[in-house]
There are 2 protein chains.
Amino acid sequence: MKLTPVMEKYILHWGEMGTRWGVNRTVAQIHALLFLSSRPLNAEEITETLGVARSNVSTSIKELQSWGLLKTVSQMGDRREHFSTMKDPWELFYTIMEGRKQRELDPTMTVLRECVLESEIDNETPEEVKARIKDVLEFMETLDTWHDQIKDLPKSTLLKLIKLGAKVKNFLGKT
Amino acid sequence: MKLTPVMEKYILHWGEMGTRWGVNRTVAQIHALLFLSSRPLNAEEITETLGVARSNVSTSIKELQSWGLLKTVSQMGDRREHFSTMKDPWELFYTIMEGRKQRELDPTMTVLRECVLESEIDNETPEEVKARIKDVLEFMETLDTWHDQIKDLPKSTLLKLIKLGAKVKNFLGKT
DNA sequence: TATGAATTTCTGTTAATACAGAAATCAAAG
DNA sequence: CTTTGATTTCTGTATTAACAGAAATTCATA
């Protein structure tokens with residue numbers, strides 16, 4: 001697939017950002033490419049367009065799939081799998097949030113619960129520390145609940161909620 | 001500073017999580033240590049407690065400071081600087097959000113705006129691609145506005161907003 | 001301004017990660 | 001059962017990041 005300079009810029013930047021999010025450059029670049037592409041691409045096309053190793057593409061596709069970011073499309077008369085991704089930034093955002101929740105929030109809450117349990121019986125962890133850990137756990141549980149509540153809301157509702165946020169601020173600002 | 005097994009577990013886990021967020025392990029561990037600590041610690045104490053190189057602590061402290069996560073405290077009769085961090089998870093969360101916004105959202109919006117401008121005049125970027133990039137930019141601007149609106153809200157107000165979110169969901173669910 | 005303690009910067013080493021290319025495995029169609 | 005194309009796994013290399021120790025710098029105090 002032929003990239004225009006702007007598409008290249010977009011993809012390269014996305015790749016850089018990816019490294020800040022704990023996914024490697026190639027993974028982020030592939031996602032950006034599929035996001036811009038008007039049609040599903042197969043692994044070979046991705047390899048050629050981005051100029052990375054075929055094997056790298058294979059690994060990265062698996063990674064993107066584990067995030068639930070890829071749709072796999074079979075085309076008539078072509079054995080090769082073709083990949084595409086969601087075009088709606090909101091949907092994308094949610095999917096990534098879901099992934100982060102599973103990879104970061106859930107395991108952390110598990111560890112924190114263990115910490116709370118163990119500190120109840122170890123007779124050496126200071127009360128202050130116990131309380132602090134409980135605070136973090138509670139905070140994360142609130143985030144988790146919130147995530148649960150909004151994860152299925154349609155985009156339009158979410159936008160309303162955001163505007164609501166603004167109103168609450170204005171209201172509170174005047175009192 | 002002496003760590004109990006639970007504190008150690010907490011700090012080690014936080015370090016692991018740090019690597020998923022683009023900060024290195026030591027940075028995250030130092031932050032976790034200061035978070036649990038009942039008093040500000042100096043660089044030497046941090047070094048001994050975590051068993052990492054003194055120079056590493058120095059670099060990591062600078063990194064944490066650049067995120068606005070450290071308070072520096074001078075103690076009477078002690079030339080050394082002592083460091084502490086916020087104890088309120090919400091405040092912490094906001095501070096990190098602010099940092100991420102500056103490091104990720106802001107530069108990305110800049111690049112996207114450049115992409116939009118350049119694609120207006122390059123006569124080669126497909127309309128579809130232009131639209132897609134604009135969508136992402138618009139999405140990020142919405143996030144940015146939202147961030148602006150809620151960043152100064154007190155914790156209590158935010159909690160109310162979250163509960164409101166639940167109500168909106170329930171309401172919509174019934175119609 | 002000289003001194004000494006503390007911090008920061010510099011340098012070399014080690015460890016971890018990203019990556020390409022080759023080899024092996026798998027799956028569908030004839 | 002074989003062929004063909006695709007994916008996955010394996011292996012070696014290169015790049016990046018983490019780290020320790022040494023050197024240099026900073027800064028408060030005398």
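Basis for what follows: all heavy atoms, side chains included, without hydrogens, waters or symmetry-related copies.
Contact between the side-chain N/O atoms of A:Ser58 and the OP1/OP2 oxygens of D:dT8 is found at a separation under 4.0 Å. Within the structure, a side-chain polar atom (N or O) of B:Lys62 is placed less than 4.0 Å from OP1 or OP2 of C:dT9. Between A:Thr26 and C:dC19 there is a side-chain N or O to OP1 or OP2 distance below 4.0 Å.
Counting to the nearest Å, the P atom of C:dC19 and the CZ atom of A:Arg54 are 15 Å from each other. For A:Arg80 and C:dA29, the CZ to P distance is 15 Å, given to the nearest whole Å. Protein atom CG of A:Asn56 is 14 Å distant from nucleotide atom C1' of D:dT13, rounded to whole Å. At whole-Å resolution of the value, CD1 in A:Ile46 and C1' in C:dC19 are 17 Å apart. Distance, B:Asn42 CG to C:dT7 C1': 12 Å, rounded to whole Å. Atom-to-atom, CD of B:Glu48 to P of C:dA6 comes out at 12 Å; the value is rounded to the nearest Å. The distance from atom CD of B:Gln65 to atom C1' of C:dT7 is 12 Å, rounded to the nearest whole Å. Atom P of nucleotide D:dA6 and atom CZ of A:Phe83 are separated by 11 Å, given to the nearest angstrom.
Each of A:Arg25 and A:Glu44 has a nearest nucleotide on DNA chain D; the 5'-most of these lies closest to A:Glu44. Nearest-nucleotide positions on DNA chain C place B:Ile61 closer to the 5' end than the other of B:Ile61 and A:Ser60.
Partner of B:His31 under the side-chain contact (heavy atoms from CB on, under 4.5 Å) criterion, chosen from B:Leu36, B:Val23, B:Ile61, B:Leu92: B:Leu92.
Side chain to side chain, B:Thr72 and B:His82 fail the donor-acceptor criterion of an N or O pair below 3.5 Å. With 3.5 Å as the limit, one finds a donor-acceptor pair spanning the side chains of B:Asp122 and B:Thr125.
Out of C:dG21, C:dT9, C:dA18, the shortest distance to the side chain of A:Asn24 is found at C:dA18.
When heavy atoms are screened at a 4.0 angstrom cut-off, B:Glu81 is found touching the sugar-phosphate backbone but no base atom. Among the atoms of the strands shown, none is found under 4.0 Å from any heavy atom of B:Thr59.
By the 6.0 Å and 45° rule, B:Arg25 does not stack over the aromatic ring of B:Trp14.
Using cut-offs of 30° and 60° on the angle between ring planes, the pair A:Tyr10 and A:Phe35 is parallel.
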